[in-house]
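Report on the structure given below.
In what follows, chains are A, B, ... by sequence order, proteins preceding strands, each numbered from 1.
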Protein chains: 2
Amino acid sequence: MARAKKQSPMSKDSLLPLLARHVLAHGLGQASLRPLARAAGTSDRMLIYHFGSKNALIADLLSYLARAYAAALDAALGSARARSRAEVIARILAQGEVPEMQPYTALWWEIVAGCARGKPGFAPAAQAMIDELLDWLEGQMPADDPDPAGGARYLLTLIEGAMMLAAIGHGASARAGLDAGLLAGGRVPS
Amino acid sequence: MARAKKQSPMSKDSLLPLLARHVLAHGLGQASLRPLARAAGTSDRMLIYHFGSKNALIADLLSYLARAYAAALDAALGSARARSRAEVIARILAQGEVPEMQPYTALWWEIVAGCARGKPGFAPAAQAMIDELLDWLEGQMPADDPDPAGGARYLLTLIEGAMMLAAIGHGASARAGLDAGLLAGGRVPS
DNA sequence: AAGACGATGTAGCACTCGCTACATACTTGC
DNA sequence: GCAAGTATGTAGCGAGTGCTACATCGTCTT
């Protein structure tokens with residue numbers, strides 16, 4: 001009755017971390033079966049065997065990556081409230097510089113592009129990752145913020161815009177925009 | 001001396017619009033030589049002949065698309081100043097709904113993903129498109145805006161963040177964020 | 001012990017990829 | 001008219017794609 005059967009040393013659960021490591025390093029565009037299999041120490045045959053098809057593998061992988069991203073966020077970010085919205089932004093943008101987060105940001109735009117083209121499995125993963133970030137933002141909002149929920153979404157919008165501009169080499173515009181929007185204080189016209 | 005030689009009916013200039021139409025419809029991911037050639041009424045052989053390599057073709061194509069995007073923006077957008085920053089955002093987001101602009105937004109995220117992976121030719125095209133949008137935004141800023149340049153960059157950041165959230169199906173968060181950020185008027189904490 | 005069954009390797013299929021070699025037009029300069 | 005060069009078609013190469021057929025190996029049940 002002891003269910004402690006040796007079990008195969010290879011399963012979805014043991015494969016996914018290795019596959020994730022590979023796509024974080026090399027991107028989803030290069031994620032074809034044979035390179036993935038090599039990275040996981042197995043064969044394309046086995047990947048199909050375990051996941052059924054490449055599409056299913058990618059969907060499982062994205063879902064795993066969303067969970068891994070959540071774990072990385074939890075591990076790397078504090079949960080103390082900030083004193084101002086500007087400080088919330090500063091914290092998350094500083095976080096974007098941390099080396100272990102950069103593969104996620106590189107991968108992120110491939111996921112967004114996949115969403116825009118309607119690829120299956122992409123939208124749920126993207127939404128899960130944004131949900132996670134939004135949760136963290138809400139927890140960071142200053143205690144005296146007049147609208148923590150709306151403010152968190154406002155900051156989320158700014159953050160993602162700034163990350164996109166940074167990705168294409170327009171980071172200076174993003175910084176100027178954040179300064180103009182956040183540091184203008186009460187003088188921001190509607 | 002009459003330079004009106006018949007000239008070949010096929011050249012980069014005549015091919016690029018047809019190639020652009022194809023990638024706008026089907027995405028950069030499906031942009032391999034044979035489908036592109038079919039869309040342009042020629043052969044892969046001829047594409048290589050005219051552009052030298054696929055990389056060069058993509059680079060030329062992205063540069064052409066950036067110019068086409070600028071032309072589409074000019075044609076579709078007015079140049080009258082808005083009365084408020086919120087109105088500027090409303091105009092550009094309404095523009096995003098216009099059918100002839102949607103292929104560009106779908107393509108946009110593939111370009112961003114290419115930038116994030118350092119693909120050659122992607123960053124200049126992305127920067128050109130953002131420069132164009134930024135120019136238009138600066139021209140739209142209200143006459144009484146205290147900081148038109150910074151404000152335009154601020155709005156650009158918000159717009160791109162909102163478009164990204166919309167692309168992944170998180171448009172509601174983006175709308176809530178814009179409302180919280182722009183409609184709060186002078187009560188926005190810094 | 002025998003058979004069933006899950007796990008894995010090997011080989012390969014039909015296809016697409018970017019690109020090239022070669023042959024052939026067609027136009028142009030003399 | 002003829003050589004030269006430019007433009008185009010055909011065929012194919014070697015590599016990579018997702019995926020499958022088949023054989024095998026090992027464990028587990030009975």
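- Each of A/G41 and A/R34 has a nearest nucleotide on DNA chain C; the 5'-most of these lies closest to A/G41.
- Between B/H50 and the phosphate of D/dA7, there is no side-chain N or O to OP1/OP2 separation shorter than 4.0 Å.
- With A/K54 contributing its side chain and A/A31 its backbone, the two residues share a donor-acceptor pair below 3.5 Å.
- No donor-acceptor distance shorter than 3.5 angstrom exists from the side chain of A/R117 to the backbone of A/A113, with no hydrogens or angles considered.
- Between A/W108 and B/I168, the shortest heavy-atom contact is CH2-CD1, 4.2 Å.
- A donor-acceptor pair is defined here as one N or O able to donate and one able to accept, closer than 3.5 Å; such a pair exists between the side chain of B/Q140 and the backbone of B/A80.
- Nearest nucleotide to the A/M46 side chain, out of D/dG12, C/dT8, D/dT17: C/dT8.
- As rounded to whole Å, 17 Å separates atom P of C/dA25 from atom OH of B/Y49.
- In the set C/dG9, C/dC17, D/dG9, C/dC17 carries the atom at the smallest distance from any side-chain atom of B/P35.
- The nearest whole Å value for the distance from the CD atom in A/Q30 to the C1' atom in C/dC17 is 13 Å.
- For B/Q102, the CD atom is densely surrounded, since the number of other residues' heavy atoms within 6.0 Å is greater than 12.
- Distance, B/R45 CZ to C/dT24 P: 15 Å, rounded to whole Å.
- Atom-to-atom, CG of A/L57 to C1' of D/dG18 comes out at 12 Å; the value is rounded to the nearest Å.
- Taking atom CD1 of B/I48 as the reference point, atom C1' of C/dC17 lies 11 Å away to the nearest angstrom.
- Between A/S43 and C/dG9 there is a side-chain N or O to OP1 or OP2 distance below 4.0 Å.
- Regarding B/L36, its CG atom lies at a distance of 12 Å from the P atom of C/dC19, rounded to whole Å.
- At whole-Å resolution of the value, CG in A/L47 and P in C/dT8 are 11 Å apart.
- What separates CZ of A/R38 from P of D/dG18 is a distance of 12 Å, to the nearest Å.
- The base of D/dC19 lies close enough to the side chain of A/D44 for a donor and an acceptor atom to sit less than 3.5 Å apart.
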